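Read through the structure below, which is laid out as structure tokens, and then see the notes.
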There are 2 protein chains.
Amino acid sequence: MTYSEENYIKVIYHLSLVSPKGINTNAIAGMIESKASSVTDMVKKLAEKELVDYQKYQGVTLTQKGLHAAKMIVRKHRLWEVFLVEKLDFTWDEVHDLAEELEHIKSEKLINRLDEFLGFPKEDPHGDPIPDRYGQMIKVEKQLLSEVGLNKKVMCLGVKDSSPSFLQYLDKHQISLGSEIEIINKEAFDMSLTILMNGKEILISNKIAGNLFVKVM
Amino acid sequence: MTYSEENYIKVIYHLSLVSPKGINTNAIAGMIESKASSVTDMVKKLAEKELVDYQKYQGVTLTQKGLHAAKMIVRKHRLWEVFLVEKLDFTWDEVHDLAEELEHIKSEKLINRLDEFLGFPKEDPHGDPIPDRYGQMIKVEKQLLSEVGLNKKVMCLGVKDSSPSFLQYLDKHQISLGSEIEIINKEAFDMSLTILMNGKEILISNKIAGNLFVKVM
DNA sequence: AATAATTTTTAGTTTTGTCTAAATTTATTT
DNA sequence: AAATAAATTTAGACAAAACTAAAAATTATT
Ligand SMILES: [Mn+2]
Ligand SMILES: [Mn+2]
Ligand SMILES: [Mn+2]
Ligand SMILES: [Mn+2]
């Protein structure tokens, strides 16, 4: 599998988690920052290699083989992120782009040794689950903060968006994984929230709340 | 710089260490396992980017810029090798091919952090010097075992060839960096050596002796 | 100095992954 | 049920990096 094929497989995997039907050309093109015509070309090649099922105009779905390949790439991505944060003292907003490169290093042995070296972590620095060598991963119940009712106490478990700007926003407001938050007010007009954290009240927009995974306690 | 350009620069660097004149097309092709015509094409591109000086039919030499780039690739290669051996328990014969991939990961910050994490090692698992972030590296006096006179006591400091088969040969005979060796006999006919190591006599061929760096003690 | 052998470069293809523009199919409105 | 809009695919082109075969330059040999 080439660098580019791996990126396509990974993107199709991520899109499959959100919409379980056939993944359409434009969605892939959007994620991979290419054009629909390029996607069609690549998707044909992936179908040739039996990594996806593809019928013209009907979108693609991963085959078993493709699904496993995708999970192994995600495994590598997230283990490298853990390595960078835990061992090399990178911050959680710095690691994604580096992991995008490191995930393409081809060695099962390397990644399994790294997994062991890190103590078989179950989640990456953004709260996302890390597949084990067989593709198994934990499923933690989480919901978006924007969907939680008033006066509930929640714990922050992960982020939906892991872009540097969002993560830096969270750092600035001292929100990290494990932070405990109480929802004090919901503004009907713009769905912004007033939350209580460490005895301090903070106002956050609906967009922020819609990118923060929490569990009700 | 692309993956391929980096490989060319690195090969030109390694060849420059042995022969200080212009590096010729065929030598590069041999190392990179490509054809002379492909080398000519790439060399033109590298000259365009001012990484090498090139005149038709006269071979290439690295510019200052090219030399620094090459050292940074070698730095990455060797630091990753140290990481794999020291932290992930790989053996010295397993790491080269993996490092060939890892050396292309583009991040100064990552490699400097890795350097620090490893305790700023000065040599890689094969006894080769690791350039620091400015390209500086230690210069240890070593010579090939094949060039040392009779009855001398030497310490093994490095290998010229770091192919798995050679390294596995050394493992099998329990020769490692730091091993102390005394040369007992040199066969005039084939230049094979009888050496004394840990009280045991071993016969080694001239080819083996010609790939082992030692210092006379 | 002329010829032969070797090395290097050029010319023309190929493969991979991308693009634009045009054609085709599917989905949505009227 | 047409007509229109949107999504998708095809056709043709391009850049990067490789190749083969032929031409040109350099080096070695007579
Ligand atoms: Mn990531
Ligand atoms: Mn992550
Ligand atoms: Mn190596
Ligand atoms: Mn090495």
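Heavy-atom basis, side chains included; hydrogens, waters and symmetry copies ignored. Treat the numbers as computed from the prediction; the structure is a model and nothing was measured. The chains referred to below are lettered A, B, ... by the order of the sequence lines, with proteins before strands, and numbering in each begins at 1.
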## Note on the structure
For Lys106(A), the side-chain hydrogen bond (donor to acceptor under 3.5 Å, both in side chains) test, sequence neighbours excluded, returns Glu6(A)

### Summary
Taken in chain and number order and not counting sequence neighbours, the residues that satisfy ring pair (Phe, Tyr, Trp, His ring centres under 6.0 Å) with Tyr3(A) are His104(A)

### Query
Is the phosphate of dT20(C), meaning OP1 or OP2, less than 4.0 Å from a side-chain N or O of Lys35(A)?
yes

#### Entry: For His68(B), all residues meeting ring pair (Phe, Tyr, Trp, His ring centres under 6.0 Å), sequence neighbours excluded
none

### Task
Grab the CD1-P distance between Ile32(A) and dT16(C) for me, whole Å please.
18 Å

### Task
Not counting sequence neighbours, which residues clear ring pair (Phe, Tyr, Trp, His ring centres under 6.0 Å) with Phe120(A)? List them please.
none

### Query
Quick one: side-chain hydrogen bond (donor to acceptor under 3.5 Å, both in side chains) partners of Asp171(B), sequence neighbours excluded?
Trp92(B)

### Query
Atom CD of Glu33(A) and atom C1' of dC19(C): how far apart are they, to the nearest Å?
15 Å

### Query
Tell me: CD1 of Ile28(B) to P of dA18(D), nearest whole Å?
12 Å

### Task
Using atom CE of Met42(B) as one end and atom C1' of dA15(D) as the other, report the distance to the nearest whole Å.
13 Å

#### Entry: Counterpart residues, salt bridge (charged side-chain N to carboxylate O under 4.0 Å, His left out), relative to Glu50(A) (two or more places apart)
none

## Note on the structure
Reading nucleotides 6-11 of chain D from 5' to 3' and marking B where a protein heavy atom lies under 4.0 Å of the base, S where only the sugar-phosphate is that close, and - otherwise, the string is -SBBB-

### Query
Excluding sequence neighbours, so at least two apart, what forms ring pair (Phe, Tyr, Trp, His ring centres under 6.0 Å) with Tyr8(A)?
none

### Those residues of residues 3-12 of chain A lying under 4.0 Å from DNA chain D by at least one heavy atom
none

### Task
List the atom of Cys156(A), the atom of Ser176(A), and the distance in Å for their closest heavy-atom pair.
CB-O, 3.7 Å

